[in-house]
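Note sheet for the following structure.
Computed from a predicted structure; not experimentally measured.
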Amino acid sequence: MQKLFSSVGRHEWDLPLGYIPDMRVSGRLFLSDSLFESLEEGAVRQLANVATLPGIIGHSFGMPDIHWGYGFPIGGVAAFSEEEGIISPGGVGFDINCGVRMITTPLSVSDLGSREDIIGRLYQQVPTGVGSKSAFRLSASALDDLLALGSKWAVSEGYGLPEDCIRCEEGGYMKEAAPENVSEKARKRGIPQCGTLGSGNHFLELQVVSEIRDHEAAKTFGVKEGNVCCMIHCGSRGLGHQVCTDHLKTLEKATKKYGITLPDRQLSCAPLTSPEGESYFGAMAAAANYAWANRQIITHQVRTLFESAFGISPSEMPLVYDVAHNVAKWEMHTIDGSDKRVCVHRKGATRAFGPGRPELPEIYQRTGQPVIIPGSMGTASYLLAGTETAMEKTFGSTCHGAGRVSSRKEAKKAVRGAAVSADLKKQGIIVRAPSGDAIAEEAPEMYKSSDEVIRVVHEAGLSRIVARMMPLGVIKG
DNA sequence: ATGTTC
């Protein structure tokens, strides 16, 4: 695959116009030589397919964790102009605003006591698994407020601290949310699931900060070596999935209506200025808000448990940041020397805004935004900072994690959950999940190393390593 | 990712 590309910088490669017909811009892939070995032809094809979409600006980008997805590659980034551009659910993903947040604690590993005990209590507190339901009751009118205001709604209901919201992208909610564009079916799925983790690679993990690489930024982010922290990775559950399904149907028709020709029907889309495009945007934003509220309520559950287990107050467990890695957003970017409003799709990619961006809270103005990249189960996670280079090269974007190397089906054939758990326990890592299969599918060896993906984004300048965290215990769906 | 195939 590598010979298709030309080198244009450190770990930076160009997929030229003409790889497939009708590309409007070239592809731009960030990858090391060793990661090229596992690059799928299908993902390259998808990178090129995205480059044919109307109104695309700059390049169709692939992050080093790129892999084959629905329509767009996972690890894909594309920005579209306000005038000519489109919006596509394939560029967001089914799990709208799947994302990650990180909370610090003042505890050291020895303060935790029995890891089995605390992980067991977290497992009881936070429902996990496919179709899991929350003890938390949400009325239909509360759901409307939640869809409009995300984390801000959750905090106003008492599930968090006021400063939590400013430590989320968008302040914890997208103002463009249009709850009225979320179907009854999606609402029905969403009502019982708020405050639940879901399944697959979603997790809640206790980690220890094992290494600090940038002491100044770590201090600003409130991260200390040897301290325990908590990482939460989840999304918009059945509600977001249903929003995607519903709008794919209308956008498939809209694609025809507006005379857009596509190399792949999974790229169904509509002009950003069309009623269909605007309707999806509003529904997507509402689903994104659901995901922020979901992560906020889970945060509250964790803080409540830690308060009773260790006697520490919620304010001693501040949020470092909350990042979205499946979403499309309006952002201002400098293009050919002038500021332009563009719609940036990040699908399995994380915003990595550098210092001085007005979207960032005052505390992170000098460092750039915290970028949270989870590892697979049992492997390191990273905290990084956004950079000026990301602003210049990738519309302020970086990777989102380590990609799979084996399918879920292959994983279940290859390993047994009990054996994976036993192996991790030998390393001192406790795992709780509703089924053995859930653990087998997520076994560390079924994923690429996050270390290599992180090395590429750091060396390419798309973000800067601040700290590395190792898992202590994890609950999975 | 997902009431794991309306």
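- Without hydrogens or angle criteria, Ser236(A) side chain to Ile96(A) main chain gives a donor-acceptor distance under 3.5 Å.
- Base engagement by Lys185(A) is indicated by at least one non-hydrogen atom pair under 4.0 Å involving a base atom.
- The distance between atom CG of Leu248(A) and atom P of dT2(B), rounded to the nearest whole Å, is 16 Å.
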List the atom pairs, donor and acceptor, that lie under 3.5 Å between side-chain atoms in residues 65-75 of chain A and the rest of the protein, sequence neighbours left out.
residue, atom, partner, partner atom, Å
Asp65(A), OD2, His400(A), N, 2.8
Asp65(A), OD2, His400(A), ND1, 2.6
Asp65(A), OD2, Gly401(A), N, 2.9

Expected list for residues 412-423 of chain A: side-chain donor-acceptor pairs under 3.5 angstrom, two or more places apart:
residue, atom, partner, partner atom, Å
Lys412(A), NZ, Glu441(A), OE2, 3.0
Ser421(A), OG, Gly417(A), O, 3.2

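- Under 4.0 angstrom from either OP1 or OP2 of dT2(B) there lies at least one side-chain N or O belonging to Ser199(A).
- Atom C1' of nucleotide dT4(B) and atom NZ of Lys412(A) are separated by 8 Å, given to the nearest angstrom.
- Across all strands shown, Gly200(A) has heavy atoms under 4.0 Å from sugar-phosphate atoms exclusively, and none from any base.
- Atom C1' of nucleotide dT4(B) and atom CG of Asp437(A) are separated by 12 Å, given to the nearest angstrom.
- Taking atom NZ of residue Lys133(A) and atom P of nucleotide dT2(B), one finds them 15 Å apart after rounding to whole Å.
- The interatomic distance linking Phe94(A) (CZ) with dT2(B) (C1') rounds to 8 Å, in whole Å.
- Remark: C1' of dT2(B) and CG of Asn97(A) are 16 Å apart, rounded to the nearest angstrom.
- Nucleotide dT5(B) holds its P atom 15 Å from the CD atom of Gln242(A), rounded to whole Å.
- OP1 or OP2 of dT2(B) lies within a sub-4.0 Å distance of a side-chain N or O belonging to Arg237(A).
- Distance Leu197(A) CG to dT2(B) C1': 14 Å, rounded to the nearest Å.
- Tyr382(A) and Arg468(A) form a side-chain donor-acceptor contact under 3.5 Å, judged by distance and modelled atom types alone.
- Checking Arg167(A), Arg351(A), Arg101(A) one by one against Asp322(A), the salt bridge (charged side-chain N to carboxylate O under 4.0 Å, His left out) holds for a single residue, Arg101(A).
- Backbone-only engagement by Gln193(A) is indicated by non-hydrogen atom pairs under 4.0 Å involving sugar-phosphate atoms exclusively.
- Within 4.0 Å (heavy atoms only), Gly93(A) reaches no atom of the nucleic acid at all.
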